[in-house]
Colleague: 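Once you've had a glance at the structure underneath, I'll fire off some questions.
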Protein chains: 2
Amino acid sequence: MKIAPEELLRQHNLSLTAVRLALLEALHANPHSDAARIFDVVHNKIAAASKQAIYNNLNTLVECGIVREIKPKGQASLYETRTGDNHHHIVCRSCAGVFDTDCHDCAPCLTPKDSHGFVIDEAEVIFWGVCPSCQNNHNSKGKNNAEC
Amino acid sequence: MKIAPEELLRQHNLSLTAVRLALLEALHANPHSDAARIFDVVHNKIAAASKQAIYNNLNTLVECGIVREIKPKGQASLYETRTGDNHHHIVCRSCAGVFDTDCHDCAPCLTPKDSHGFVIDEAEVIFWGVCPSCQNNHNSKGKNNAEC
DNA sequence: TTAAAAATTTTGAATCAATCAAAATTATTT
DNA sequence: AAATAATTTTGATTGATTCAAAATTTTTAA
């Protein structure tokens, strides 16, 4: 987020409310958080803050493009303030940790083999794998292969 | 799905139950369905079928790799029987329709700019855009730009 | 500066998607 | 055919999210 949150909100004709500003600050400090985590952080700062306001604001801010939503399998929706650069994500299959990785190109950075007549505007990429921490845990504890 | 469902289940040491077979058939006929839709189709065939069994089976079949789960934003989890070929998806921002598109390569077909020490095994790609139907609807009804 | 209007928050309820767990039933193995 | 294991059914519950009315806050206009 390169400009002040207040200015960003003004540019989108959104009121500068305490909850909204606290949410943006919380999300800037804790990227890839879900609504419950954001609520916890905001609630520590504003005791009267409600979960409903968090959901309302997340929906509004995503709609405006101020906040980005991602939805990895196995997790609730996650949010981040890093927007506009078409970056991608890496998610650990073991600990569910989420990390950013820059994109090579502008959106859409890829084209489908068959676009089915779609006008494509974005290629959302999630890389799945195992993070260094979980690789170390896995090796030191021996393999726990799920039989299937 | 190139081999018979019965054989596939046997290969994975799974019982051949009526609900399970009906689910696979329903999903083969209706790819990219959510659990509710799958339940509707199965329920038409087996009146006593329960939603719990649908969820249990989906979880089991996804874990075995017989069924694939995708989770586009704004929708519940969707499922499909087309597995093992690392294909990608195109989702319409307007009608939420989901379509397959072949992958250029084997998994992982892409590499992140910075892998953060991860061992990457898959690049999940969702192309977002507007489908031909919704493009036509949009144009004939005039633009409804959301101010934001 | 004050009042009005609009936006947002709070509050409590509800819905949706999915899970939990015990009992019953079905499929497989012996 | 009986025993065992897997699965389904049933009803309850949880987590994630939405709904809606009333209250409060922010912005705008006078």
Side-chain angles (χ1 to χ4, degrees), chain A residues 5-24 26 32-43 45-64 66-67 69-79 96 146-148, chain B residues 5-24 26 32-43 45-64 66-67 69-79 96 146-148:
Chain A
E6 290 87 352
E7 185 47 39
L8 201 49
L9 292 170
R10 281 195 192 98
Q11 284 175 4
H12 287 85
N13 290 325
L14 294 174
S15 300
L16 309 183
T17 70
V19 169
R20 185 170 283 160
L21 291 169
L23 184 159
L24 286 172
H32 313 131
S33 293
D34 62 15
R37 169 109 176 99
I38 297 166
F39 172 66
D40 282 346
V41 177
V42 171
H43 196 250
K45 185 168 175 174
I46 304 175
S50 66
K51 189 165 248 190
Q52 184 56 52
I54 301 300
Y55 277 105
N56 284 348
N57 274 298
L58 286 173
N59 288 334
T60 297
L61 297 169
V62 166
E63 199 174 317
C64 287
I66 296 176
V67 161
E69 173 187 8
I70 63 175
K71 202 174 169 185
K73 285 175 294 195
Q75 308 196 45
S77 287
L78 304 179
Y79 301 88
E147 207 74 32
C148 200
Chain B
E6 290 87 351
E7 185 49 39
L8 201 50
L9 292 171
R10 281 196 194 98
Q11 285 176 4
H12 288 84
N13 290 323
L14 295 173
S15 301
L16 308 182
T17 70
V19 168
R20 184 168 286 158
L21 291 169
L23 185 158
L24 287 172
H32 315 126
S33 294
D34 62 14
R37 169 111 177 97
I38 297 165
F39 173 66
D40 282 345
V41 178
V42 171
H43 196 250
K45 183 169 177 173
I46 305 174
S50 66
K51 190 164 246 190
Q52 183 57 51
I54 301 299
Y55 277 105
N56 285 348
N57 274 298
L58 287 173
N59 288 333
T60 297
L61 295 169
V62 166
E63 200 175 318
C64 287
I66 293 174
V67 160
E69 172 187 10
I70 64 174
K71 204 174 167 184
K73 288 175 294 198
Q75 307 195 45
S77 287
L78 304 179
Y79 301 88
E147 208 75 31
C148 198

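For the numbers below, each heavy atom of this structure counts, side chains included, while hydrogens, waters and symmetry mates do not. Numbers restart at 1 for each chain; the letters A, B, ... are given by sequence-line order, proteins then strands. What you see is a predicted model; the values in this text were computed from it and never measured.
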Colleague: Specify the separation, in whole Å, of atom CG of A:L58 and atom C1' of C:dT9.
Modeller: 14 Å

Colleague: Rounded to the nearest angstrom, tell me the gap between atom CG in A:N13 and atom P in C:dA7.
Modeller: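 Those two atoms, CG and P, are 10 Å apart.
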
Colleague: Applying a 4.0 Å non-hydrogen cut-off, can you work out what B:D34 is touching in the nucleic acid: base, sugar-phosphate, or nothing?
Modeller: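 The answer is nothing, as B:D34 stays clear of every strand by at least 4.0 Å.
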
Colleague: Name the closest nucleotide to the A:R20 side chain, picking from D:dT9, C:dT10, C:dT8.
Modeller: C:dT8

Colleague: With a 4.0 Å cutoff (strictly under), does any side-chain N or O of A:N57 reach OP1 or OP2 of C:dT9?
Modeller: yes

Colleague: If you only use heavy atoms from C-beta on, which nucleotide in D:dG11, C:dT8, D:dT17 is closest to the side chain of B:Q52?
Modeller: D:dG11

Colleague: Is the phosphate of D:dT18 approached by A:N59 (side-chain N or O, under 4.0 Å from OP1 or OP2)?
Modeller: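 So the side-chain polar atoms of A:N59 do come within 4.0 Å of the phosphate oxygens OP1 or OP2 of D:dT18, strictly under.
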
Colleague: Measure the distance from CZ on B:R10 to P on C:dT28 and round it to the nearest whole Å.
Modeller: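 To the nearest whole Å, that distance equals 8 Å.
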
Colleague: Among the candidates C:dA27, D:dT9, C:dA18, find the nucleotide nearest to the side-chain atoms of B:T17.
Modeller: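 Shortest atom-to-atom distance from the side chain points to C:dA27.
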
Colleague: Nearest of D:dT9, D:dT17, C:dT10 to any side-chain atom of B:A49?
Modeller: D:dT9

Colleague: Rounded off to whole Å, could you give me the NZ-to-P distance for the B:K51 and C:dC20 pair?
Modeller: 17 Å

Colleague: Kindly indicate whether the side chain of B:V41, heavy atoms from C-beta on, has any atom under 4.5 Å from the side chain of B:K45.
Modeller: no

Colleague: According to a strict under-4.0 Å criterion, is B:N56 in side-chain N/O contact with OP1 or OP2 of C:dT19?
Modeller: no

Colleague: Check every atom of C:dT28, C:dA18, C:dT9 against the side chain of B:L16 and return the nucleotide holding the closest atom.
Modeller: C:dT28

Colleague: With a 4.5 Å heavy-atom cut-off, do A:L9 and A:L21 have their side chains touching?
Modeller: yes

Colleague: Using a 4.0 Å heavy-atom cut-off, does B:A36 contact any base of the nucleic acid, only the sugar-phosphate backbone, or nothing at all?
Modeller: nothing

Colleague: Between B:A35 and A:S50, name the one whose nearest nucleotide on DNA chain C is closer to the 5' end.
Modeller: A:S50

Colleague: To the side chain of B:Y55, which of C:dT19, D:dT9, C:dG12 is closest?
Modeller: C:dT19

Colleague: Is the closest side-chain heavy-atom distance between B:V67 and B:N57 below 4.5 Å?
Modeller: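 With C-beta onward as the side chain, the pair stays apart.
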
Colleague: Would you kindly give the CD-to-C1' distance between B:Q75 and C:dC16, to the nearest whole Å?
Modeller: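 It works out to 14 Å between those atoms.
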
Colleague: Atom NE2 of A:H12 and atom P of D:dT27: how far apart are they, to the nearest Å?
Modeller: 16 Å

Colleague: Would you indicate which nucleotide in D:dT9, C:dA27, D:dA16 comes nearest to any side-chain atom of B:S15?
Modeller: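 Nucleotide nearest to B:S15's side chain: C:dA27.
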
Colleague: When you compare the side chains of B:N56 and B:Q52, does any donor N or O come within less than 3.5 Å of an acceptor on the partner?
Modeller: yes

Colleague: Using every non-hydrogen atom in the two residues, find where A:S33 and A:I38 come nearest and quote the distance to one decimal.
Modeller: CB-CG1, 3.7 Å

